[in-house]
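Index from 1, following the sequence. As the structure lists them, so they are numbered: ligands from 1, and atoms in each ligand from 1.
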Amino acid sequence: MPRKIIAGNWKMNLSFAQAMALADAVADALPKDGTAEVVLAPPFPYLRDVLGRTGHRDRMALAAQNCSSHESGAYTGEVSAGMLSSIGVDFVIIGHSERRQYFSETSALLAEKVKRCVAHGLIPIFCCGETLPERERGEEKSVVRQQLQDGLFHLAPDLLRDCIIAYEPVWAIGTGKTATVEQVAQMHTFMRECLQAMDSSCTDVPLLYGGSVNARNASELFSAPNVDGALVGGASLIAHDFISIIQSMR
Ligand code: PGA
């Protein structure tokens, strides 16, 4: 059985005080009997403090939103996988569509980032997903397969099987437009097949859905086959909504 994971991607939001209040609120309200692991992805400067407030909780862990493709050295402004690992971060979001789109991150670069992560024992939450024109042309599966092949499937099966994949159709991110349960089910089943085709030991890689997940639509999305959790943006900034999404995962 794949692990169940609900991850909150705070993106470039919140003051330090707001971020601490949100971390406390989520940790305090975390259901004791829940099945899902909860992963918070605050901005870099808040990682250590969020960890200090949540690290003692079972089933809570921390993700960075990005890392450098380089090991170390003269790369002003970059943060390395080794640094993240050394402060207790467990996961790194790699290849979010905002990184691909606004920071021109290519699959070749993402493949390097994935390598750095696993070399430092960090688990990549590897994002993939098609744009609206690609879906309209019926290319969504081939786009996602190519993104997985180029960015993630270079890993040996014993490393790939510990990774996490997030399917985030670009047209559903931050738009309030959620993919239908049928669309999500189809893509997740397809991704499961891709994993199976890679190596039978990789079948249980958790497959998260992301794109306008909220407290109202989470239960229905989680009922779809092969959906093992969510990568939540906007709704993860509101403690009550995020907790309600966590509670929707059974
Ligand atoms: P959203 O963002 O939930 O605000 O659509 C999801 C994401 O970007 O991971």
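- Sorted pairs that involve residues 131-162 and meet ring pair (Phe, Tyr, Trp, His ring centres under 6.0 Å), not counting sequence neighbours, are lacking altogether.
- Atoms of ligand 1 found under 4.0 Å from any heavy atom of G174 (numbered from 1 in listed order, with element): 1 (P), 4 (O), 5 (O).
- Within ligand 1, the atoms closer than 4.0 Å to a non-hydrogen atom of H96 are 7 (C), 8 (O), 9 (O), numbered from 1 in the order shown.
- Side-chain atoms of E130 and W171 include a donor-acceptor pair closer than 3.5 Å.
- Looking at E78 and H70, their side chains never bring a donor and an acceptor atom within 3.5 Å of each other.
- Nearest to atom 4 (O) of ligand 1 among the protein's heavy atoms is G234 N, 2.8 Å.
- At a heavy-atom distance under 4.0 Å, only backbone atoms of A172 (N, CA, C or O) approach ligand 1.
- For the atom pair F126 CZ and C163 SG, the distance stands at 9.5 Å (nearest 0.5 Å).
- No side-chain donor from either of H96 and Q101 sits under 3.5 Å from a side-chain acceptor of the other.
- Within the listing of ligand 1, atoms 1 (P), 3 (O), 5 (O) sit less than 4.0 angstrom from a heavy atom of S212.
- Which of Q65, E168, K11 comes nearest to atom 9 (O) of ligand 1 through a heavy atom is settled by distance: it is E168.
- Side-chain N or O atoms of R99 include none that pairs as donor or acceptor with a backbone N or O of E105 at under 3.5 Å.
- From the protein, the heavy atom lying nearest to atom 6 (C) of ligand 1 is G233 N, 3.5 Å.
- Near G211, meaning under 4.0 Å from one of its heavy atoms, ligand 1 places the atoms 5 (O).
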